[in-house]
Amino acid sequence: MNDGLKLVIIGGVAGGATAAARARRLSETSEITIIEKGPYVSFANCGLPYHISGVIPQRNSLLVQTPESLKSRFNIDVRINTEAIAINREKHTVTIKDLKSGIESDLAYDRIILSPGSLAFKPPIPGIDLPQIFTLQTIPDLDAIMKWISEKKVRRAAVIGGGFIGVEAAENLKERGIAVSIIEADKQVMPPIDPEMAELIHQHLRVMGVELFLEKKVKAIVEKNGALSIATEDGTSIETDMAILAIGVRPRSELAKKAGLETGPMGGITVNDRLQTSDPDIYAVGDAIEIHNPLSGLPGYIPLAGPANRQGRIAADQVFGRDSRYRGTMGTSICKIFSLSAGAVGVSEKYLKRMNMSYKKTIIHAGNHANYYPGSEPIALKLLFTPDKGAILGAQAIGTEGVDKRIDVIAAAAAGGLTVFDLEHLELSYAPPYSSAKDPVNMAGFTAANMIRGDHIVIHAEDIPGIDPAAALLLDVRTAGEYKRGNIPGSINIPVNELRPRMKELDKEKKIIIYCQVGLRGYVAQRMLTLSGFDAVNLSGGYKTWCMVNRLPV
């Protein structure tokens, strides 16, 4: 136990404040000081958008700890409005500056925990610093937005960027009664998930009245009579009263670089599994560090509050002689989009393709609880796994209720080294109001395991346009009524219940590409035809997934 240390923590919020509280629980005699550049040492930044709408009515509810509460409960010296401007590693001092008085001084340390966080990215485009343009990362950011909305009687708002913060900001602005547009340079919102899954979010946002401008890169912003005109590179112009920048964040690593600490390719501070930097007396946590993803085995930058809290605790353990280790960040996340939830863990298919990694995937659509119990709603669940052993690489889920449960179960399974074969056997809580006897997680495990075993032979929606119609037949095995309401062009319809007596209508010289609504009946038909000597494959996720891939209503 390293009692009596001088511990300096640079930065508060999730990582720094957690580290400080943990440190005091481990040592009563050490001097613990938090240096925080802003006016608030510990606040719920993930809750900021929900004060805009009034879902969180009291602003003070977002303040987790204050300098006074940290002093009275933990005897921690908190210095707000104070910037750490240099780390003097040879002298073991930190040069700090009181931002109100301008006075600089040196603070001695035995150990440092860096928790400087991240900085909202502001691209170098004309007009980016106009007073009508805001970021949403801190309490002062929130205060500025609320004041502008109130004083200027804002009727229209644009959100530039469609990530977590952007989508949440759009939802809460809309809930406040403001007309909202999302402007996104990519072809989809929510970067952690794949395009076909994001299409469900796009359709829901439009239903809720949010205007989407996808694949629109902002070129310039100009002020017109107190309002804004946002011009994109393709010539589109969006008129608005204010804009929130939510393009993403970058690690605050300038202080570390200035001190000669190593940083990674994404600009974050490099740490080991003890959260030590290249200087063994300096640790780093939170949004400022680069991490290791245990599912992909690759480094990355994943700025999330949950990992930051765990990192703060582990860094404090290390400072005081406890050999805790950080196991990496899998990127387990969830986002509320009006009545929809979108969750993810691990890596996406986009990432796997970019890294040229081998994988298989399955998409299922299953009810969040028993279909016969009132109110059942579908969850779209995508599972990514290794082709041979079925190791979990990632998962994405979108639905109304129960998304968090499924993503959390898969995250726990992946963290424990379980495979898709283990998902088949998980014993999960079941009663009709909560789930089905075969939970969606089990169902994803069944389909994935069957693919590896060779029982379930699949094709994916994006592969269908490349099929030679002379060598293949598209077979819709839904009912005639379903087929009439919408089908894949060029397909024929034989309902699955009629398939056995009508097999003679099919050509064994052709590959039979089967689809149903969500994939289950298609799998039954595929097994039936395969065991009867046909070359048959099933469309993973069925017609619904085909619609998602092709941006058609689902």
Side-chain angles (χ1 to χ4, degrees), residues 1-48 51 56 58-85 87 93-101 103 105-118 137-143 252 255 275 282-289 305-322 324:
M1 176 70 70
N2 295 325
D3 248 351
L5 289 176
K6 289 182 172 66
L7 172 61
V8 176
I9 300 171
I10 299 174
V13 197
T18 297
R22 175 64 173 171
R24 179 56 74 212
R25 292 195 296 273
L26 296 176
S27 172
E28 188 61 26
T29 61
S30 294
E31 294 179 21
I32 303 171
T33 305
I34 298 178
I35 305 300
E36 170 54 50
K37 184 178 180 180
Y40 301 95
V41 66
S42 180
F43 60 92
N45 50 2
C46 295
L48 298 179
H51 182 56
I56 298 174
Q58 299 300 322
R59 171 187 176 277
N60 285 349
S61 300
L62 298 168
L63 303 179
V64 180
Q65 294 281 0
T66 64
E68 295 75 20
S69 66
L70 286 169
K71 180 65 176 177
S72 62
R73 180 174 295 183
F74 297 106
N75 191 27
I76 293 169
D77 180 12
V78 178
R79 306 188 191 185
I80 58 173
N81 299 309
T82 302
E83 183 178 6
I85 58 176
I87 298 173
T93 62
V94 179
T95 302
I96 60 175
K97 180 179 181 180
D98 185 310
L99 296 178
K100 290 188 175 180
S101 68
I103 296 173
S105 59
D106 283 345
L107 185 65
Y109 74 86
D110 294 306
R111 303 287 189 276
I112 290 176
I113 297 176
L114 287 171
S115 180
S118 58
Q137 197 176 21
T138 66
I139 294 286
D141 290 342
L142 175 65
D143 291 343
R252 289 182 185 265
L255 181 65
L275 297 171
I282 302 176
Y283 298 78
V285 302
D287 290 5
I289 70 171
N309 275 279
R310 291 193 298 279
Q311 291 158 9
R313 180 183 176 90
I314 291 168
D317 279 354
Q318 285 287 337
V319 166
F320 291 101
R322 296 199 177 188
S324 300

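If you read the sequence from its start, that first residue is 1, and numbering goes on from there.
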Can you tell if the side chain of [X] reaches within under 4.5 Å of the side chain of [Y], non-hydrogen atoms only?
X	Y	answer
L62	N45	no
H51	S61	no
V94	I112	yes
V319	Y283	yes
R59	D143	yes

Between atom [atom1] of [X] and atom [atom2] of [Y], what is the distance when rounded to the nearest 0.5 Å?
X	Y	atom1	atom2	result
Y109	L5	OH	CG	12.5 Å
T66	K71	OG1	NZ	13.0 Å
R111	I32	CZ	CD1	13.5 Å
I282	L114	CD1	CG	6.0 Å
T138	Y40	OG1	OH	9.0 Å
I85	T95	CD1	OG1	5.5 Å

Side chain E36, main chain G38, donor-acceptor under 3.5 Å: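 Pair found, side chain donor or acceptor close to backbone of G38.
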Once side chain to side chain donor-acceptor pair (under 3.5 Å) is applied, do any residues pair with [X], and if so which ones, sequence neighbours excluded?
X	result
T33	none
K6	none
S72	none
D110	none

For T93, all residues meeting side chain to side chain contact (heavy atoms under 4.5 Å, CB included), sequence neighbours excluded: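 Expected list: N88, K91, D106.
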Could you list the residues that satisfy salt bridge (charged side-chain N to carboxylate O under 4.0 Å, His left out) with [X], not counting sequence neighbours?
X	value
E31	none
D77	R79
R73	none
K37	E83

For [X] and [Y], work out which heavy atoms get closest and say how close.
X	Y	answer
I113	A316	CD1-N, 4.1 Å
A315	V285	CB-CG1, 3.8 Å
G117	D287	C-CB, 3.6 Å

Donor-acceptor contacts under 3.5 Å from residues 7-26 side chains, at least two apart:
from, atom 1, to, atom 2, distance (Å)
T18, OG1, A14, O, 2.7
T18, OG1, N309, OD1, 2.6
R22, NE, D317, OD1, 2.7
R22, NH2, D317, OD1, 3.0
R24, NE, F74, O, 2.6
R24, NH1, S27, O, 2.8
R24, NH1, E28, O, 3.4
R24, NH1, S30, O, 2.9
R24, NH2, S30, O, 3.0
R24, NH2, N75, O, 3.0

Applying salt bridge (charged side-chain N to carboxylate O under 4.0 Å, His left out) as the test, list every pair that has at least one member in residues 305-314; sequence neighbours left out.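 Pairs touching residues 305-314 that pass the test: none.
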Test I34 against V41 for side-chain contact (heavy atoms from CB on, under 4.5 Å), laying out the working first. CA-CA 8 Å; I34 298 178; V41 66; 3.9 Å; yes
Got a sec, which residues hit ring-ring contact (aromatic ring centres under 6.0 Å, His included) with F43, two or more places apart in sequence or on another chain?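 For F43 there are no ring-ring contact (aromatic ring centres under 6.0 Å, His included) partners, ignoring immediate neighbours.
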When you look at Q311 and S115, which way does the side chain to side chain donor-acceptor pair (under 3.5 Å) test go after all the steps? CA-CA 10 Å; Q311 291 158 9; S115 180; over 6 Å; no
